[in-house]
Structure formats: C-alpha cells, structure tokens
Q: 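Before we start, here is the structure in question, set down as structure tokens.
Letters A, B, ... mirror the listed sequences (proteins, then strands); counts begin at 1. The structure displayed is predicted, hence computed values, not measured ones.
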Amino acid sequence: MGTRKRSHYCGELHAKDVGKEVTLMGWVHSRRDHGGLIFIDLRDREGVTQIAFNPEINAAIHSKAHDLRSEYVIAVKGKVSKRPEGTINPDLKTGEIEVLAEELTILNESKTSPFEISSRHGISEDVRLKYRYLDLRRSGLQENLILRHRIVQTTRNYFNRKKFIEIETPFLTKSTPEGARDYLVPSRVNPGRFYALPQSPQLFKQILMISGYDRYYQIVKCFRDEDLRADRQPEFTQIDLELSFIQEDDIYEIIEGLLVAIFKEVKNVSLMHPFPRLTYQEALARYGLDKPDTRFEMELKNLTSHFADSQFKVFSRAVAAGGIILGLNARGCAEYSRKELDNLTDLAKVYGAQGLAWIKVVSDGVQSPIAKFFTETEIQQLTKTLNAQPGDLLLMVTDAKHKVAYTALGQLRIHIGHKLGLIEQDRWCPLWITEFPLLEYNEEEKRYLAMHHPFTSPVEEDLVYLKENPEKVKARAYDLVLNGNEIGGGSIRIHRKDVQQAMFGALKIGEDEAKSKFGFLLDALEYGAPPHGGIALGLDRLVMLICGIESIRDTIAFPKTQKATCLMTDAPSQVSERQLKELSLKTVIPKLTK
RNA sequence: GGGGGCGUGGUGUGGUUGGUUAACACACUGGCCUGUCAAGCCAGAGAUCGCGAGUUCGAGUCUCGUCGCUCCCGCCA
C-alpha cells in the first residue's frame with residue numbers, strides 16, 4: 001500500500017458513500033471464507049466494515065485474502081458498493097454497504113489472540129490485564145474510554161466557559177501527615193529524603209487562591225497507597241477545582257451545572273436540579289449511610305424510645321448503655337426462609353453488628369423468635385412506626401455504637417433494595433450531603449482526626465466549641481453522592497491563620513510539627529489569603545456510574561490489580577543494586593517473596 | 001491484618017457419593033464451499049485439571065499449605 005493514505009474510518013461509511021473509491025486500514029475482526037467469496041469484517045476504533053473479496057473482480061487479491069487471519073493489520077482499497085438485495089445487515093451501522101476489494105496489503109500479521117476480541121463471554125480479568133492492548137481493542141472498553149474522553153472534554157469546556165484556569169501542580173511533592181498512606185519517591189540528590197506523590201493537590205490549589213488565580217481547575221492524577229476495591233485504585237483521577245470569594249451555594253451551583261452538562265452531552269439526560277440536600281445527620285437517620293442511594297425509599301426508623309424498658313434485654317440494655325435501636329421494613333419479605341434471614345444476619349455482622357432481630361408480620365399478628373419478649377404495646381408501636389402490613393418483614397439492629405447500627409442497617413437496606421428490584425438502573429439521584437462533623441474521634445490514635453481534612457473550615461458559630469466540645473463542631477464540608485456512591489467532596493477552607501492553628505490544636509498537631517509539615521501554608525495564610533473553597537470529583541467513579549459498570553478498572557486504560565500490580569508491565573518490579581545505591585536505599589524484606 | 005468466591009486445552013464452561021479414555025462450545029490447523037455477517041460441512045491438533053504436600057488401592061474431585069485473580073471488612077483526611 002506504500003504511500004497510500006487512509007481515506008475513511010471503517011464504521012463511518014454509509015449508503016451515501018456508494019460508488020466512492022476508498023482506502024481503509026484496520027484489523028481483521030472476522031473472516032468468512034466461502035471458498036469463492038471471502039468476507040472480512042475490517043475493524044478500527046470507529047466500527048466495522050465488511051470487505052468482499054470476489055475472484056471475478058480480482059482473482060489475485062481474492063487468493064491473497066485466503067491468508068488473512070484474525071487481527072492481521074491490513075489496508076484495503078476498493079469501491080463502496082450497495083449490498084445485494086436481502087444481504088443487508090440491520091445490526092451493523094455500516095450494514096447497507098460493503099467494500100469490493102481491489103487492492104490488499106498485509107501491513108502486519110498477528111499471532112492467534114489469547115482471547116477473541118469479539119468474544120461474547122467474559123474473559124477472566126488476569127488474562128485481560130496481561131494482554132491489555134488486546135482487551136483495549138474490544139468494543140466495551142473502547143466505548144468506556146471514549147465516553148470518558150467526552151466527559152473530560154465537556155468538563156474542560158464547561159470550566160473554560162466559566163472562566164476557570166487550568167493549572168498543573170507538582171507530582172513530586174511533600175509528604176504530609178493525616179490522611180492516606182503516601183507513595184514515596186526517593187531523592188537521588190538529597191540522600192535519605194523523599195518526595196511524596198500527592199493524595200490530592202489540596203494545598204497547592206489553596207496557595208493558588210492566595211496567589212489570586214480565583215478560579216482553578218485541573219483534571220489530575222492523585223495517589224493513595226491504601227488497599228484497593230472495585231471503586232478504588234492507587235492512582236486515580238480527580239476533577240479538582242477551587243474558587244475564591246465564594247460560599248457553599250456557589251460550589252453547589254457550579255457542580256450541578258457541570259453534571260447537568262455532562263449528562264446532557266453524553267447521555268442526553270436532563271438531570272433535575274438543584275440537587276436535593278441532606279444533612280449528614282439526616283442521611284444517617286433515614287438511610288444509615290452518608291452516601292445514601294435515594295433511588296428507592298425503605299427508610300430507617302429510630303425505635304430506641306419504644307424499647308427502653310423492654311423485657312427483651314438485648315434492647316433495653318443497649319438503650320441503657322446509650323445505644324440506639326434502628327428498624328427497617330422490608331416490605332413483602334415475610335416469606336423469607338430461615339436461610340435467607342441467616343444471610344441477612346451474616347451481612348449485618350460484616351458491618352460489625354452483633355446480630356439482627358427480625359419480626360414477620362402476618363395476618364393474625366407477628367412471628368419471631370423474640371416476639372414473646374414484647375408487649376402488645378411495643379408490637380403496636382413497632383408496626384405503627386414502621387408502617388407494617390401483613391406480609392412485611394421488620395428488621396432491627398441495636399448497638400451501643402450508633403455508627404455501627406446505622407451502617408449495618410443501612411447496608412441491609414441497600415442489599416434488600418437490590419434484591420427486591422427496587423432500584424431502577426437508569427435513574428439518576430444526585431444529592432448533596434452537608435453539615436458533616438468537623439472531627440471524628442479515633443480510638444487507635446486517641447485523638448480527633450479531621451473527617452474531611454485539616455484545612456476544612458469549621459462553621460463560624462461552632463468555633464467556640466473547638467476546644468471543649470470538638471464533636472459538636474460542624475464543618476463547612478459537603479459530599480456529592482450519586483446513586484449511593486460518593487463521587488465528590490469538598491469544603492470551604494480555613495483562610496485565617498488563627499483558625500488554622502486552632503484546628504491543628506484540636507487535632508493535637510503541635511506547633512513544631514505544624515510548622516515543619518504545613519509551614520508554607522501557614523506562612524501563605526498571613527499574606528492576604530482570600531476566603532476560598534472547592535471540591536474534587538472522582539472522575540473514574542463518575543465514568544463508571546455513567547457507563548453502568550461495576551468497576552473503575554473498566555474506565556482506566558491500564559489499571560492495577562487488587563495487589564496494586566500491573567500484569568502487563570509487571571510493575572512493581574525489582575531494580576538494580578546500582579539504582580538502589582544511587583538513591584542511598586537498602587531494602588529489607590521480612591519474608592522472601594519469590 | 002481478616003473473611004468469602006474462583007483457578008480444568010488458547011478462551012469460556014461441564015465433570016455425580018473419589019473409579020480407570022477429563023466432556024462441551026468457541027477459537028486454532030487442513031480440506032470443501034459465490035452472499036456470509038454467532039456462515040456452514042468434514043477432518044485434525046491441543047490439558048502433567050494453578051503449584052506443593054497429604055489421605056487413599058485410586059484425587060480434577062477430599063485435607064493442609066502456597067501462589068494468582070476477584071468481592072468485602074479494616075484502611076481510604
């Protein structure tokens with residue numbers, strides 16, 4: 001094919017192109033060799049076009065086509081032709097036409113692929129990850145990555161329109177305490193010292209506000225060395241922004257506008273907005289979680305007061321110990337077998353619950369191993385509060401630690417919601433969670449930790465409690481939740497040095513430590529820091545949700561396994577002694593691996 | 001750190017209470033075939049059942065260990 005140029009993508013040819021002389025280049029997707037006629041589906045990123053090799057048109061080319069195999073890279077010149085009557089393929093975008101081959105060049109051969117690119121069944125993930133370049137040829141991943149691209153483009157256009165400035169921040173930066181474990185990078189020219197890869201550009205974007213850039217955004221990689229999940233990778237991408245002279249409402253408006261634009265552009269869905277807002281407390285009370293899936297009802301109810309004096313000691317003792325009793329009406333689930341109930345109990349235990357109390361509501365009363373402990377009044381209050389009808393299953397969790405009870409029953413709610421098919425796949429329920437506590441007590445470290453991060457502004461009126469009653473202080477923080485997933489979080493930041501120092505005080509971060517770890521921020525706060533705030537959205541999760549898939553790995557071209565390895569490149573790998581020496585590093589491996 | 005699932009030709013799956021030749025589909029190789037598009041028909045090659053021990057007359061199957069992938073808890077400001 002020499003110097004010939006590609007004239008079209010496969011997949012962009014239509015009936016209107018009939019008669020055109022075209023040159024296509026791509027991969028052999030499949031071949032159907034009739035001995036006489038040979039058909040090739042030629043694939044590139046835009047789709048597939050059928051190439052017909054007819055010995056009557058060109059015998060030499062036809063015979064050459066016999067050698068074609070799956071995934072060969074070829075160039076084909078030929079005429080776009082309308083397919084004969086009755087051979088149109090309505091399942092194919094280009095199904096009305098075919099290209100009658102006049103020239104064929106094999107640009108490269110291919111070994112037999114370890115899996116079929118067009119495979120209809122799933123391929124195990126380790127094989128896919130090892131041959132990621134082949135996996136990425138498959139239409140599913142291509143669609144995801146192209147959708148991701150469109151979301152990113154929409155985002156950039158949106159922020160540009162809103163007068164944001166995209167500014168890059170360093171990847172080689174300073175390790176900071178608090179938060180996730182850092183990925184460290186040794187410094188060759190500073191032996192014994194390390195950079196950290198950023199967990200987020202948090203401090204840099206605040207500094208940019210102090211520098212007067214006013215509206216910053218960045219679509220940026222962040223790094224956290226924590227254990228992986230289906231929705232967590234060690235490197236992930238945030239849509240990160242920060243604005244000066246704004247309040248919470250400004251953030252809500254900007255982000256709602258962004259999501260509305262994204263959903264319109266890539267899904268042609270008109271998102272309802274403004275998004276609902278729920279305080280942290282209300283989210284817990286009604287859904288048990290701070291990232292509620294509001295696509296279905298089935299809300300939690302607080303039953304604590306009903307059972308304060310109950311003969312059922314599990315309940316009354318818990319109440320006496322300051323605990324909480326929560327209930328949930330699993331509508332129509334009174335038929336659940338003992339096994340199903342045991343499964344629910346096991347699920348509750350995963351989240352730390354001691355057990356799960358259940359009561360079946362039947363036509364002539366209730367059924368439950370614990371029913372005998374309850375008075376008529378208690379049963380009445382229970383069924384009334386949970387609005388129970390015969391056929392319903394009432395689930396209750398109690399725990400001295402309120403968070404445990406909320407989480408366990410909240411997760412049961414999600415589980416049962418799925419099981420009962422209450423969750424519509426194509427429904428989009430974004431909402432804001434507001435009024436988070438500023439601090440959370442950490443048993444392990446015997447001190448308070450910032451729930452969001454140490455630069456989050458407390459609510460002004462609560463400042464007085466910071467010393468004496470830190471739990472009472474609310475943060476000017478907010479999370480964005482979509483269909484039960486946290487897809488973003490941010491806050492109005494502290495912009496006064498005295499408040500920042502008070503915050504460090506509450507976190508038991510000493511003056512010296514604060515100075516060595518965050519001195520540059522404290523200094524900067526003294527040079528005219530404007531009020532500012534921002535938010536970051538998890539791009540990978542957002543793409544995952546919009547794609548309707550289960551794992552962010554399928555939104556990332558080259559993801560890591562659960563052990564944070566790359567099966568294609570075999571990273572992380574050992575390095576030479578020389579490299580280690582240059583970096584003044586010695587490795588001490590507790591147990592010999594391999 | 002902990003709990004669960006999976007691992008069988010290239011790929012995806014079967015494989016009964018442990019029983020002798022490890023099955024099926026797709027892919028692959030060769031042949032036939034001029035309208036297929038999940039092409040068809042015929043023939044063929046391809047597996048020490050992740051790895052290592054153990055139990056047993058006998059292990060794909062049971063036990064223990066180990067490795068890999070995965071889901072979850074902890075962790076992820």
Side-chain angles (χ1 to χ4, degrees), chain A residues 29-42 48-57 62 66 69-71 81 83-92 94-95 98 111-131 134 176-182 199-200 202 222-234 236 346-347 349-353 404 407-408 411 415 436 438-440 442 444-445 448-456 475 477 486 489-491 503 507 509 536 538 550-551 553 560-563 565 567 591 593-594:
Chain A
H29 191 60
S30 67
R31 104 197 128 101
R32 294 175 292 281
D33 185 342
H34 289 230
L37 276 176
I38 297 173
F39 297 104
I40 295 288
D41 286 342
L42 190 63
V48 159
T49 291
Q50 174 166 285
I51 315 293
F53 295 89
N54 190 329
E56 285 163 17
I57 292 178
H62 171 263
H66 273 292
R69 293 293 181 274
S70 286
E71 300 310 309
S81 160
R83 291 196 190 182
E85 199 72 29
T87 65
I88 285 171
N89 185 346
D91 299 331
L92 208 60
T94 59
E98 63 191 352
K111 287 169 68 175
T112 301
S113 175
F115 53 84
E116 292 166 68
I117 305 303
S118 57
S119 174
R120 293 178 298 282
H121 46 241
I123 314 292
S124 69
E125 198 149 0
D126 42 351
V127 178
R128 290 177 51 203
L129 289 173
K130 179 168 180 200
Y131 299 97
L134 299 178
T176 53
E178 313 287 300
R181 198 174 292 113
D182 284 323
Q199 298 174 26
S200 86
Q202 183 59 36
C222 301
F223 306 87
R224 295 177 190 176
D225 186 4
E226 297 292 346
D227 286 347
L228 288 79
R229 288 281 194 288
D231 63 352
R232 272 164 37 187
Q233 283 272 303
F236 61 100
D346 288 343
L347 185 63
K349 284 178 177 169
V350 165
Y351 297 95
V404 167
T407 304
Q411 294 289 353
H415 176 80
F436 281 87
L438 184 70
L439 303 160
E440 214 174 17
N442 183 288
E444 214 171 300
E445 299 195 30
Y448 285 94
L449 294 179
M451 197 157 172
H452 185 53
H453 59 52
F455 319 105
T456 298
E486 183 199 326
S491 62
M503 181 67 173
L507 294 171
I509 297 175
E550 304 290 324
S551 165
R553 289 188 299 279
K560 303 278 189 289
T561 68
Q562 196 170 35
K563 281 190 74 184
T565 66
L567 296 181
K591 201 177 68 184
T593 53
K594 270 186 194 170

Q: Distance check, rounded to the nearest 0.5 Å: E71(A) atom CD versus L134(A) atom CG?
A: 7.0 Å
Q: Using a 4.0 Å heavy-atom cut-off across all strands, classify E56(A) as base, sugar-phosphate, or nothing.
A: base
Q: By the 4.0 Å heavy-atom rule, please label E440(A) as base, sugar-phosphate, or nothing.
A: nothing
Q: For I123(A), answer base if it contacts any base atom (sugar-phosphate contacts may also be present), sugar-phosphate if it contacts only those atoms, and nothing otherwise; contact means non-hydrogen atoms under 4.0 Å.
A: sugar-phosphate
Q: Categorize T87(A) for me: base, sugar-phosphate, or nothing, with a 4.0 angstrom heavy-atom threshold over every strand shown.
A: base
Q: Nearest of G12(B), G1(B), C71(B) to any side-chain atom of D227(A)?
A: G1(B)
Q: Taking atom C1' of G1(B) as reference, at what distance in whole Å does atom CD of E444(A) sit?
A: 11 Å
Q: Could you tell me which nucleotide pairs with C62(B) by Watson-Crick or G-U wobble geometry, both distances under 3.5 Å, or answer none if nothing does?
A: G54(B)
Q: By the 4.0 Å heavy-atom rule, please label Q50(A) as base, sugar-phosphate, or nothing.
A: base
Q: Both distances under 3.5 Å, Watson-Crick or G-U wobble: report the partner of C37(B), or none.
A: none
Q: For E550(A), look at atom CD and say whether over 12 heavy atoms of other residues, nucleotides or ligands are found less than 6.0 Å away.
A: no
Q: Looking only at side-chain N and O atoms, does S30(A) come under 4.0 Å of OP1 or OP2 in C37(B)?
A: no
Q: Report the nucleotide, chosen from U34(B), C37(B), A27(B), that has the shortest atom-to-atom distance to any side-chain atom of N54(A).
A: U34(B)
Q: Has H34(A) got its ring stacked on G35(B), by the test of a centre gap below 5.5 Å and a plane angle below 30°?
A: no
Q: Between H34(A) and F39(A), does the ring centre distance come in under 6.0 Å?
A: yes
Q: Students often get this wrong, so: under 4.0 angstrom with heavy atoms, is L228(A) touching a base, only sugar-phosphate, or nothing?
A: nothing
Q: Tell me whether the side-chain N or O atoms of D126(A) pair up with the base of C69(B) as donor and acceptor below 3.5 Å, since no angle test is needed here.
A: no
Q: What is the nucleic acid contact for D91(A), judged by heavy atoms within less than 4.0 Å: base, sugar-phosphate only, or nothing?
A: nothing
Q: Would the number of heavy atoms belonging to other residues, nucleotides or ligands and lying under 6.0 Å from NZ of K560(A) be above 12?
A: yes
Q: Looking across every strand, which nucleic acid part, if any, lies under 4.0 Å from S491(A) by heavy atom: base, sugar-phosphate, or nothing?
A: nothing
Q: If you go through the side-chain atoms of R232(A), does one of them form a donor-acceptor pair with the base of C75(B) closer than 3.5 Å?
A: yes
Q: Should A23(B) form a Watson-Crick or G-U wobble pair with both distances under 3.5 Å, which nucleotide is its partner?
A: U13(B)
Q: Under 4.0 angstrom, heavy atoms only, what part of the nucleic acid is T456(A) near: base, sugar-phosphate, or nothing?
A: nothing
Q: Under 4.0 Å, counting only non-hydrogen atoms across every strand here, what does D225(A) touch: a base, just sugar-phosphate, or nothing?
A: nothing
Q: For the pair made of CE in M451(A) and C1' in C76(B), what is the distance, rounded to whole Å?
A: 13 Å
Q: Taking the side chain from R181(A) and the backbone from D225(A), do they hold a donor-acceptor pair closer than 3.5 Å?
A: yes
Q: Side chain of R229(A) only, please: which of C28(B), G35(B), C72(B) is the nearest?
A: C72(B)
Q: Can you tell me the distance, in whole Å, between the CG atom of D33(A) and the C1' atom of G31(B)?
A: 11 Å
Q: For C37(B), does OP1 or OP2 lie under 4.0 Å from any side-chain N or O of T94(A)?
A: no
Q: For G7(B), which nucleotide in any strand shown is its Watson-Crick or wobble partner with both distances under 3.5 Å?
A: C67(B)
Q: Classify P454(A) by what it touches in the nucleic acid, base, sugar-phosphate, or nothing, heavy-atom distance under 4.0 Å.
A: base
Q: At 4.0 Å (heavy atoms only), tell me whether G352(A) reaches a base, stays on the sugar-phosphate, or touches nothing.
A: nothing
Q: Calculate the interatomic distance between I117(A) atom CD1 and C28(B) atom P; express it in whole Å.
A: 12 Å
Q: Has the side chain of R128(A) got a donor or acceptor that lies under 3.5 Å from a partner of the other kind on the base of U11(B)?
A: no
Q: Would you give the length of the straight line joining atom CZ of R128(A) to atom CZ of R553(A), rounded to the nearest 0.5 angstrom?
A: 8.5 Å
Q: Just to be sure I understand the rule, does R69(A) reach a base, reach only the sugar-phosphate, or reach nothing, if contact means heavy atoms closer than 4.0 Å?
A: sugar-phosphate
Q: For C37(B), take OP1 and OP2 only and decide whether either is under 4.0 Å from a side-chain N or O of R31(A).
A: no
Q: Round to a whole Å and report the spacing from CD of Q562(A) to P of C72(B).
A: 8 Å
Q: Record whether the side chain of R224(A) comes under 3.5 Å of the base of C76(B) through a donor-acceptor pair of N or O atoms.
A: no
Q: Atom CD of E226(A) and atom P of C73(B): how far apart are they, to the nearest Å?
A: 14 Å
Q: May F115(A) be described as stacking on the base of U11(B), applying a 5.5 Å centroid limit and a 30° limit on plane angle?
A: no
Q: Within this structure, what is the NE2-to-C1' distance between H62(A) and C33(B), rounded to whole angstrom?
A: 11 Å
Q: So, is S124(A) near the phosphate of G12(B), with a side-chain N or O under 4.0 Å from OP1 or OP2?
A: yes
Q: Give the nucleotide from the list U34(B), C71(B), U36(B) with an atom nearest to the side chain of L37(A).
A: U34(B)
Q: Within the structure, does a side-chain N or O atom of K563(A) lie under 4.0 Å from either OP1 or OP2 of G68(B)?
A: yes
